[in-house]
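What follows is a single structure, written as structure tokens, with notes after it.
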Amino acid sequence: MEKPLTQHFVIGGEPLDLAGYEKVGGYEACRKSLKSLTRDDIMKLVKDSNLRGRGGAGFPTGLKWSSMPSSQNSPRPRYLIADADEMEPGAFKDRILMEGNPHQLIEGLIICAYTVDAEIGFIFIRSEYTKAAARINKAIREAYEKGYLGFNILGTGFNLDLKLHISSGRYICGEGTALTNSIEGHRAIPRHKAPRQTESGLWGMPTLLNNVETLCNIPHVVNNGAEWFRGLSKCKDGGTKIFGVSGKVRNPGCWELPMGTTIREILEEHAGGMRDGLKFRGTLPGGASTDFLVEQHLDTPMDYDSVQKAGSRFGTGTMIILDNQTCPVGMVHNLESFFSRESCGWCTPCREGLPWTAKILAAIEDGKGEPRDIDTLDFLVRSLGPGRTFCALAPGAMEPLRSALKFFREDFDAHIKEKRCPWR
Amino acid sequence: MLSDEIKSEIQCGVSVCPTRHCAILEALQIVQKHHGWISDERIEAVAKFLGLTVEEVDGVATFYNRIYRKPVGRHVILVCDSVSCWIMGFENILDELRKLLGIGFGETTPDGRFSVLPIQCLGACEQAPAIMIDGTLYGYLDSDKLKKLLGNYE
């Protein structure tokens, strides 16, 4: 089984430096792209590869790239941002990729920038990723020295400046337009969806935002072709995926596996199954802001469409496991307290609704819940759902709550009836 | 209020910024690196140096959880309180910190050695429960490991 993304490192080890990366074929895709492929060639490759964005929304990457306006008559500079802010609770795949092979990200970024004709790149990284940041900074320096970044790259006339932007925090920066505001030095509140960022993003210029894992795939698509990339997968979405598992399993961690590997295989074969004495009760398959799936869904293939059909979201592909000795109400309370704290405060339903949700859940968990609280939670799930708020933070926050009320309703009722948490 | 060293660091860091506004966060990060936190006076000094109003700078400073507008200890312990660490028992780590240091979230020891702050998922879920001290990540924590660790920070 091929593992292009992780083939050149072991997790926890030292990454290849530039010379080492070149020795294993690094920057060949960059050379090929800039010297012998046209922008249209690469665009077609990426479209044909069926690569979908790995940041959570799963938008087809080729389609996103082609929404950048044509270079002619375009305002300049044009920007490319790599989203390395990874703050979704439960997600740790981008950290592994950046620590493991920083040059792979930079190479993907250069090819992407060339394809969409962007001349300034940012890697937007959270401040807690200190090790990844140090390794990326070193890799950027090496790439400048070797002429892969900067002016007239490889003598082709293409210019690209790349800067590592270290964030000052807040989960909301994972929202693309809030991230843009943050780079501009504003409070990270989301912007209107129209015009799209590709038309008017950073300082009003055309701006493309891609997730780290998405960009890391690009050199491999260019080197090996779209058909090869599609063949890596067990479903129609191309490529492999870095899947992760956390919670009370025997062997928590992350693994590069074909897109479309089932939840059961990831959980049992790679994460080693549940710890002794514990049973699987449910999972948030794609991070904190996705709906719970339960035992009946274990054979669901982990790909965008299958997980959606099962009633949840693929998200980041990093699963959080709920076992039968952990309180589902307590878990949802933890999640909603998180989302409540991370609301940027810009729109009223989110700013007021999330603390309200968290307070009710705290009361239920403390044995002070009342039967009508369930109705209020149902009301909040509807009121903070898609289309009711300015951005996707609150609707995302409602996904685990909505599904917990559906699958673990008896636990909520037991808390209210017994006036205590049965798990404590 | 701002030393020449800090001023030149800010100048160097923000030379690529197309607007003065986009220099705010980097400037505040630099000041914080030198002084540990950002006082009202330093907000004013940064505003003056960048040619912005105090409100513009403070409005940004107060939004971000990693810009400290109150004094913190010499060492900042960030305790991940997100879901994977909750499942794996971050609350035990908090209890242990309270036992060892006598402080909880948002507090600083009287000798100014440690502050304890909550942090959103550290992206170390496979190593939960995890904390970060002064930018170094520590995972697979338990009481013994935590006790030994704190001894390394004076």
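Just so we're on the same page: letters track the sequence lines, and every chain starts at 1. Only this structure's heavy atoms are used, side chains among them; waters, hydrogens and symmetry mates stay out.
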Problem set entry | Nearest heavy-atom neighbours spanning A/Cys327 and A/Glu365 | SG-OE1, 3.5 Å
Exercise. In this structure, are over 12 heavy atoms from other groups packed under 6.0 Å from B/Trp37 atom CH2?
Worked result: yes
Problem set entry | B/Gly36 to B/Val72 - nearest heavy-atom pair and separation | O-CG2, 3.4 Å
For this session: Determine the interplanar angle of the A/Phe122 and A/Trp203 rings, folded into 0 to 90°, and report it as parallel if under 30°, tilted if 30 to 60°, perpendicular if over 60°.
Result: tilted
Exercise. In Å, rounded to the nearest 0.5 Å, how long is the span from OG1 of A/Thr180 to CG of A/Leu202?
Worked result: 5.0 Å
Problem set entry | Heavy-atom closest contact (A/Ser340 atom, A/Ala358 atom, distance) | CB-CB, 4.3 Å
Problem set entry | Check: A/Glu88/A/Ser289 side-chain N/O donor and acceptor closer than 3.5 Å | yes
Exercise. What part of A/Leu335 gets closer than 4.5 Å to chain B, counting heavy atoms only: side chain, backbone, both or neither?
Worked result: side chain
Exercise. A/Ala271 versus chain B, heavy atoms under 4.5 Å apart: side chain, backbone, both or neither?
Worked result: neither
For this session: Pick one of side chain, backbone, both or neither for A/Cys173, based on which atoms fall under 4.5 Å of a heavy atom in chain B.
Result: side chain
Exercise. If you round to the nearest 0.5 Å, how far is CD1 of B/Ile30 from CD1 of B/Ile10?
Worked result: 5.5 Å
Problem set entry | Taking every non-hydrogen atom, the tightest pair across A/Pro206 and A/Pro77 | CD-O, 4.4 Å
Exercise. Any Lys/Arg nitrogen of A/Lys93 or B/Glu126 sitting under 4.0 Å from an Asp/Glu carboxylate oxygen of the other?
Worked result: no
Exercise. Given that the side chain runs from C-beta out, which part of A/Ile120 has a heavy atom under 4.5 Å from chain B: side chain, backbone, both or neither?
Worked result: neither
Seminar exercise, completed: By residue number, those in residues 128-154 of chain B with heavy atoms under 4.5 Å from heavy atoms of chain A are B/Met132, B/Gly135
Problem set entry | Leading residue by heavy atom contact count with chain A [cutoff under 4.5 Å; candidates B/Gln32, B/Met88, B/Gln127, B/His21] | B/His21
Problem set entry | Which atom of A/Pro400 lies closest to which atom of A/Ala288, heavy atoms considered | CG-O, 3.3 Å
For this session: Pull out the residues in residues 41-62 of chain B that come under 4.5 Å of chain A, heavy atom to heavy atom, sorted by number.
Result: B/Gly59, B/Val60, B/Thr62
Exercise. Which one, A/Ser182, A/Gly345, A/Gly253, leads in non-hydrogen pairs under 4.5 Å with chain B?
Worked result: A/Ser182
For this session: Might you work through the salt bridge (Lys or Arg N to Asp or Glu O under 4.0 Å) test for B/Asp81 and A/Arg341, ending with a clear yes or no?
Result: CA-CA 12 Å; B/Asp81 64 351; A/Arg341 183 175 77 197; 2.8 Å; yes
Problem set entry | Aromatic ring pairing A/Tyr171/A/Phe339, orientation class (parallel under 30°, perpendicular over 60°, tilted between) | perpendicular
For this session: Assess the side chains of A/Asn137 and A/Lys163: does a donor N or O sit below 3.5 Å from an acceptor N or O?
Result: no
Problem set entry | Salt bridge present between A/Glu342 and A/Arg170 (N-O < 4.0 angstrom) | yes
Exercise. Counting only heavy atoms not in A/Phe151, do more than 12 fall under 6.0 Å of its CZ?
Worked result: no
Exercise. In terms of heavy-atom proximity below 4.5 Å to chain B, should A/Arg187 be classed as side chain, backbone, both, or neither?
Worked result: both
Exercise. Considering only heavy atoms from C-beta outward, does the side chain of B/Leu78 approach that of A/Glu128 to under 4.5 Å?
Worked result: yes
Problem set entry | Contact leader toward chain B among A/Met87, A/Glu86, A/Met331, where contacts are heavy-atom pairs under 4.5 Å | A/Met331
Seminar exercise, completed: In short, A/Leu267 meets A/Phe280 closest at the heavy-atom pair CD2-CD1, 3.6 Å
Exercise. Which residues from residues 63-70 of chain B are near chain A, with near meaning under 4.5 Å between non-hydrogen atoms?
Worked result: B/Phe63, B/Tyr64, B/Asn65, B/Arg66, B/Ile67
Seminar exercise, completed: Bottom line for A/Ile166: the part with an atom under 4.5 Å from chain B's heavy atoms is both
For this session: Output the distance between atom CZ (A/Arg126) and atom CG (A/Asp85), rounded to the nearest 0.5 Å.
Result: 7.0 Å
Problem set entry | Check: A/Asp323/A/Thr326 side-chain N/O donor and acceptor closer than 3.5 Å | yes
Seminar exercise, completed: Checking heavy-atom separations under 4.5 Å from chain A, one finds in residues 22-29 of chain B B/Cys22, B/Ile24, B/Leu25, B/Glu26, B/Gln29
For this session: Test B/Asp111 against B/Arg74 for salt bridge (Lys or Arg N to Asp or Glu O under 4.0 Å), laying out the working first.
Result: CA-CA 9 Å; B/Asp111 61 359; B/Arg74 291 194 295 284; 5.3 Å; no
